[in-house]
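Chain letters run A, B, ... following the sequence lines, proteins first, then strands; residues in each count from 1. Keep in mind it's a predicted model, so treat the numbers as computed, not measured.
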Amino acid sequence: MNYTALAEMLFPHIDKTPEDYEALYPKRQLPPEAKVTRLGPSPTGFIHLGNLYGAFVDERLAHQSGGTFFLRIEDTDEKREVEGAVEAIISSLEYFGLRFDEGVTIHGETGSYGPYYQRRREAIYQCYAKHLVEKGLAYPCFCTEEEIQAIRGQQEKKGENPGYYGHFAKCRELKSDAVRRNLEGGKPFVLRFRSTGDPARNFQIIDGIRGHLSMPENFQDVVLLKQNGIPTYHFAHVIDDYLMRTTHVVRGEEWLSSLPIHVALFDALELPLPIYCHTTVLMKMEGENKRKLSKRKDPELSLSYYRSQGYHPKAVREYLLTILNSNYEEWRLANPDSPMEDFGFTTEKMSSSGTLFDLDKLNDVSKEVLVRMPDEELYDFLFVWTQEYRRELGPLFTDNKNMLLRILAMDRHGEKPRKDLVYCEQIFDFISYFFDDYFKVEDSYPAEVAQGDIKPILEAYIKGYDHSDDASQWFSKIRTLSTDMGYAAKPKDYKKNPELYKGHVGHVSTVIRIALMGRASSPDLWEIQQIMGETRAMTRINKAIASL
RNA sequence: GUCCCGUUGGUCAAGUGGUCAAGACGUCGCCCUCUCACGGCGGAAUCAGGGGUUCGACUCCCCUACGGGAUACCA
């Protein structure tokens with residue numbers, strides 16, 4: 001068989017050679033330790049936390065080493081394409097702080113290693129395909145779907161490995177004439193890899209995350225180019241990541257089992273291997289067992305969900321970092337004020353077993369992040385969020401900016417700051433009682449206070465109220481009020497001798513608290529009144545009295 | 001079915017032959033306290049099971065179980 005002639009027959013329109021592309025996409029001029037990584041999503045538009053988790057590894061690796069992080073759209077399967085998906089992907093990732101240096105952007109493509117849409121790289125793939133045919137390492141396969149099915153059926157019956165390989169690969173040794181006839185007859189074909197691998201032999205490889213791996217060689221004559229001339233993932237990955245000079249291929253562990261294919265292809269093309277980093281997938285608890293995050297089943301784990309709830313991107317990033325690198329939390333404890341970019345992220349510290357998504361932990365991390373955030377910044381963040389997700393709150397935010405700043409500052413700047421704030425939706429709920437339109441009575445008066453005492457307490461409170469009292473003056477009045485009404489001035493007194501009192505000062509102030517904000521629990525009462533202003537505070541109490 | 005990867009408390013996890021098996025979240029109790037938080041102190045809770053190797057195994061090897069993934073002209 002004359003392979004050169006076959007190659008010409010198959011790809012007459014391809015006149016470039018691998019050397020041409022080699023020259024077109026030269027080695028990157030980067031310091032030796034710089035890493036080049038990429039994200040290669042297919043344009044289905046949906047991104048969840050698991051995708052962000054993986055992308056984050058790429059981003060850290062590249063930017064931490066002074067390298068390049070680029071976006072390539074893997075659109076080789078037109079059936080799955082979703083309108084507007086690329087924009088959605090870019091904007092979600094950017095929101096969470098993942099910045100691409102190169103590749104596909106909202107406005108077009110940037111960088112000199114493009115095109116970055118795989119569909120636009122057809123000629124490149126075909127050039128390398130032609131090259132493989134010339135070397136006798138690829139061949140056209142004219143088998144129909146039915147024929148492949150039949151082969152599989154046969155294999156299953158005999159208990160042999162399913163697939164197209166060895167003597168099952170009918171088209172492998174097709175004579176030149178037969179190929180020509182098929183071609184002239186317009187018969188569609190796929191281009192297959194002529195595997196020389198032996199599954200009984202293992203090869204060794206070092207994975208950036210998992211370390212030493214030993215896997216059987218690929219023996220399948222996998223499809224390189226589909227009937228439409230577009231490559232499969234396997235072939236596109238090899239060509240693209242070589243020509244784009246990717247140094248680290250970070251991808252989910254679901255790719256581990258096709259690693260032998262990729263290694264065989266790099267080998268056949270005599271190209272150097274990148275460093276593979278196979279991440280674990282993020283899991284979710286379903287009933288008794290763990291499950292991989294899925295697009296269909298877990299809409300609450302989509303990035304847009306966290307965004308709409310108003311989680312701060314920093315919080316999400318920080319959470320991801322804690323599950324990504326086991327030593328991050330320790331580092332954070334030792335460096336509470338350093339930007340997270342200062343942390344030395346390594347793939348070696350990544351776990352290789354499936355990680356369960358933990359909302360409690362995210363919330364905790366978020367509290368720590370928000371408590372360090374200046375009030376102005378927090379206000380701005382909330383405001384931008386309302387513009388996008390709670391438009392009706394917009395005027396409230398602009399009209400009450402000063403008050404909101406005071407509310408957000410409440411008890412957040414001392415030695416032991418409160419950590420009440422988690423995400424926008426929750427924050428608004430937490431402070432909503434300040435605004436009459438959102439004020440509602442949620443809790444009931446404490447059981448320790450007799451129904452008949454409530455009104456007198458509130459009336460006495462109003463009577464003695466002086467807005468200019470400082471915190472301690474104010475509280476000593478509450479104490480007096482309590483004693484006058486038969487309640488202990490200190491909870492301890494009540495606990496020691498419960499028979500002497502109706503209740504204690506805590507119960508009395510809860511009555512006031514409920515009248516004032518409709519809740520039995522809140523930050524410091526005095527401070528809240530100062531922020532609310534005298535008029536609003538007194539109106540609330542009067543209303544509470546009236547409703548009794 | 002076959003192949004690959006994995007398995008330390010409820011969760012995330014340190015750990016690479018000798019530790020009373022870190023730490024964080026969560027949970028429980030106590031303290032602080034006008035409520036709730038915050039903070040402090042303390043508790044419960046882990047090496048999947050079975051065989052080896054070794055003076056000694058969470059750590060190395062084998063088997064089993066369980067979980068996950070792959071098995072496409074999808075990525």
Side-chain angles (χ1 to χ4, degrees), chain A residues 40-44 74-77 79-80 118 141 143 145 148 152 156 159-164 188-192 199 207 210 213-216 220 222-228 230-234 236-237 251-260 278 280-281 283 285 288-292 319 322-330 332-333 349 351-365 367 371 411-412 414-420 443 446 475 478-479 482 487 489-492 504-514 519-526:
Chain A
S42 58
T44 54
E74 311 209 333
D75 55 356
T76 54
D77 184 11
K79 292 187 286 291
R80 306 214 308 181
Q118 292 186 322
C141 169
C143 287
E145 215 172 296
I148 305 267
R152 174 176 301 273
E156 274 168 11
E160 297 189 65
N161 284 321
Y164 202 86
F189 69 92
V190 299
L191 193 77
R192 284 185 185 273
D207 183 278
R210 287 152 199 269
L213 292 178
S214 173
M215 303 184 91
Q220 297 269 355
V222 292
V223 172
L224 265 22
L225 295 179
K226 307 182 222 176
Q227 277 186 5
N228 58 6
I230 301 289
T232 55
Y233 169 84
H234 307 301
H237 149 58
R251 41 145 72 153
E253 67 181 334
E254 66 270 23
W255 290 109
L256 215 44
S257 29
S258 35
L259 184 56
H278 290 95
T280 62
V281 285
M283 314 278 270
M285 217 52 189
E288 292 283 283
N289 34 14
K290 291 180 173 185
R291 203 200 62 215
K292 181 182 170 185
Y319 167 68
T322 66
I323 58 177
L324 230 26
N325 253 193
S326 44
N327 52 333
Y328 178 74
E329 283 190 85
E330 275 172 42
R332 176 46 89 205
L333 241 38
K349 279 283 181 188
S351 156
S352 46
S353 53
T355 300
L356 215 51
F357 171 73
D358 184 355
L359 188 63
D360 280 330
K361 189 80 180 183
L362 204 211
N363 286 339
D364 182 68
V365 169
K367 285 180 190 172
V371 82
D411 274 350
R412 288 207 321 136
E415 274 289 295
K416 296 179 209 161
R418 296 180 66 100
K419 297 171 183 173
D420 297 309
D443 295 322
F475 192 60
I478 304 267
R479 282 221 158 98
S482 298
Y487 293 82
K490 292 181 177 171
K492 270 191 176 161
H504 62 74
V505 63
H507 301 128
V508 174
S509 33
T510 299
V511 170
I512 300 167
R513 189 168 260 118
I514 286 170
R519 307 179 181 187
S521 57
S522 80
D524 186 65
L525 246 174
W526 177 82

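Among A:Leu225, A:Leu224, A:Val223, the one residue that satisfies the side chain to side chain contact (heavy atoms under 4.5 Å, CB included) test with A:Arg192 is A:Val223.
For the P atom pair drawn from B:G51 and B:G29, the interatomic distance equals 41 Å after rounding to whole Å. Between B:U19 and B:G1, the distance separating the two C1' atoms is 45 Å to the nearest Å. For the C1' atoms, the distance linking B:U33 with B:C41 amounts to 16 Å, nearest Å. Using atom C1' as the reference point in both B:G26 and B:C63, the two lie 36 Å apart (nearest Å). Nucleotides B:A13 and B:C25 are separated by 11 Å at their C1' atoms, to the nearest Å. Comparing the P positions of B:A21 and B:C5 gives an interatomic distance of 32 Å, to the nearest angstrom. Between the P atoms of B:C58 and B:G50, the separation comes to 12 Å (whole Å). Nucleotides B:C61 and B:U7, compared at atom P, are 12 Å apart to the nearest Å.
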List, with names and distances, any nitrogen or oxygen atoms from the protein found under 3.5 Å away from nitrogen or oxygen atoms belonging to nucleotides 2-9 of chain B.
| residue | atom | partner | partner atom | Å |
| --- | --- | --- | --- | --- |
| B:C5 | O2' | A:Arg210 | NH1 | 2.5 |

All N/O pairs under 3.5 Å across the protein-nucleotides 29-33 of chain B interface:
| residue | atom | partner | partner atom | Å |
| --- | --- | --- | --- | --- |
| B:C32 | OP1 | A:Lys492 | NZ | 2.7 |

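Proximity note for A:Glu254 (side chain, C-beta onward) versus B:A70, B:A24, B:C12: the nearest is B:A70. Counting only heavy atoms from C-beta on, A:Leu356 has its side chain closest to B:C12 among B:A24, B:C73, B:C12. Minimum atom distance to the side chain of A:Gln227 is reached by B:C73, of the listed B:C73, B:C25, B:C12. For A:Lys416, the side-chain atoms get nearest to B:G39 when compared with the rest of B:G39, B:G23, B:A37. Side-chain proximity of A:Val223 to B:G23, B:C73, B:C34: nearest is B:C73.
Mapping A:Pro417 and A:Leu333 onto RNA chain B via the closest heavy atom, the residue that lands nearer the 5' end is A:Leu333. Comparing A:Thr280 and A:Thr510 by the nucleotide of RNA chain B whose heavy atom lies nearest to each, the residue mapping closer to the 5' end is A:Thr280.
For RNA chain B, runs of at least 3 consecutive pairs of the Watson-Crick or G-U wobble type, with both hydrogen-bonding distances under 3.5 angstrom, map to B:1-7 with B:65-71, B:10-12 with B:23-25, B:27-31 with B:39-43, B:48-52 with B:60-64.
Following rounding to the nearest Å, A:Tyr319 (OH) and B:C25 (P) show an atom-to-atom distance of 14 Å. In this structure, the OH atom of A:Tyr487 is 18 Å from the P atom of B:C34, given to the nearest Å. Straight-line distance from the CZ atom of A:Arg418 to the C1' atom of B:A37: 4 Å, rounded to whole Å. Separating the NZ atom of A:Lys361 from the P atom of B:A24 is a distance of 9 Å, rounded to the nearest angstrom. Between A:Asp358 atom CG and B:C12 atom C1' the separation is 7 Å, expressed in whole Å. Summarising the geometry, the separation between CG on A:Asp364 and P on B:G26 is reported as 5 Å, rounded to the nearest angstrom. The separation between A:Tyr233 atom OH and B:C74 atom C1' is 12 Å, rounded to whole Å. Note: CZ (A:Phe475) to C1' (B:U35) measures 10 Å, nearest angstrom.
Formation of a donor-acceptor pair under 3.5 Å by the A:Gln220 side chain with backbone atoms of A:Tyr164 is found in this model. A donor-acceptor contact shorter than 3.5 Å links the side chain of A:His507 to the backbone of A:His504. Although no hydrogens or angles enter the test, the distance criterion places no donor-acceptor pair under 3.5 Å between the side chain of A:Asn325 and the main chain of A:Asn327. Using a distance-only test at 3.5 Å, with no hydrogens or angles considered, no donor-acceptor pair links the side chain of A:Arg152 to the main chain of A:Pro162. Checked by atom type and distance alone, the side chain of A:Lys226 pairs as donor or acceptor with a backbone atom of A:Thr76 at under 3.5 Å.
Summarising the geometry of A:Gln118 relative to A:Ala236, their closest heavy-atom pair is NE2-CB, 3.4 Å, with the distance given to 0.1 Å. In plain terms, the two heavy atoms of A:Arg519 and A:Asp443 that are nearest each other are CA-OD2, 3.3 Å. Residue A:His234 comes nearest to A:Ser258 through the heavy atom pair CE1-CB, 3.7 Å, listed as atom of the first residue, atom of the second, then distance. Contact between A:Ser509 and A:Leu525 at its shortest, heavy atoms only, is O-CD1, 3.8 Å. When all heavy atoms of A:Leu356 and A:Tyr319 are compared, the closest pair comes out as O-OH, 4.1 Å. Annotation for A:Thr280 and A:Arg210: closest pair CG2-NH2, 3.8 Å, computed over non-hydrogen atoms.
Considering only heavy atoms from C-beta on, A:Ile478 comes within 4.5 Å of A:Ile512 through its side chain. Between A:Leu259 and A:His278 there is a side-chain heavy-atom pair separated by less than 4.5 Å.
Nucleic acid contact for A:Val505: sugar-phosphate only, since backbone atoms but no base atoms lie under 4.0 Å from a heavy atom of the residue. Residue-level contact check: A:Pro491 touches the backbone only, with heavy atoms under 4.0 Å from sugar-phosphate atoms and none from bases. Nucleic acid contact class of A:Ile323 (heavy atoms, under 4.0 Å, all strands): sugar-phosphate only. Counting non-hydrogen atoms under 4.0 angstrom, A:Glu330 reaches a base of the nucleic acid.
Within the 4.0 Å cut-off from OP1 or OP2 of B:G39, at least one side-chain nitrogen or oxygen of A:Lys419 is found. In terms of phosphate contacts, A:Lys226 brings a side-chain nitrogen or oxygen within less than 4.0 Å of OP1 or OP2 of B:A75. OP1 or OP2 of B:A75 lies within a sub-4.0 Å distance of a side-chain N or O belonging to A:Thr76. Taking side-chain N and O atoms only, A:Arg152 has a distance below 4.0 Å to OP1 or OP2 of B:A72.
Side-chain to base pairing of A:Asp524 with B:C34: one donor and one acceptor N or O lie within less than 3.5 Å of each other.
We find the OH-CG distance between A:Tyr233 and A:Asp77 to be 14.0 Å, quoted to the nearest 0.5 Å.
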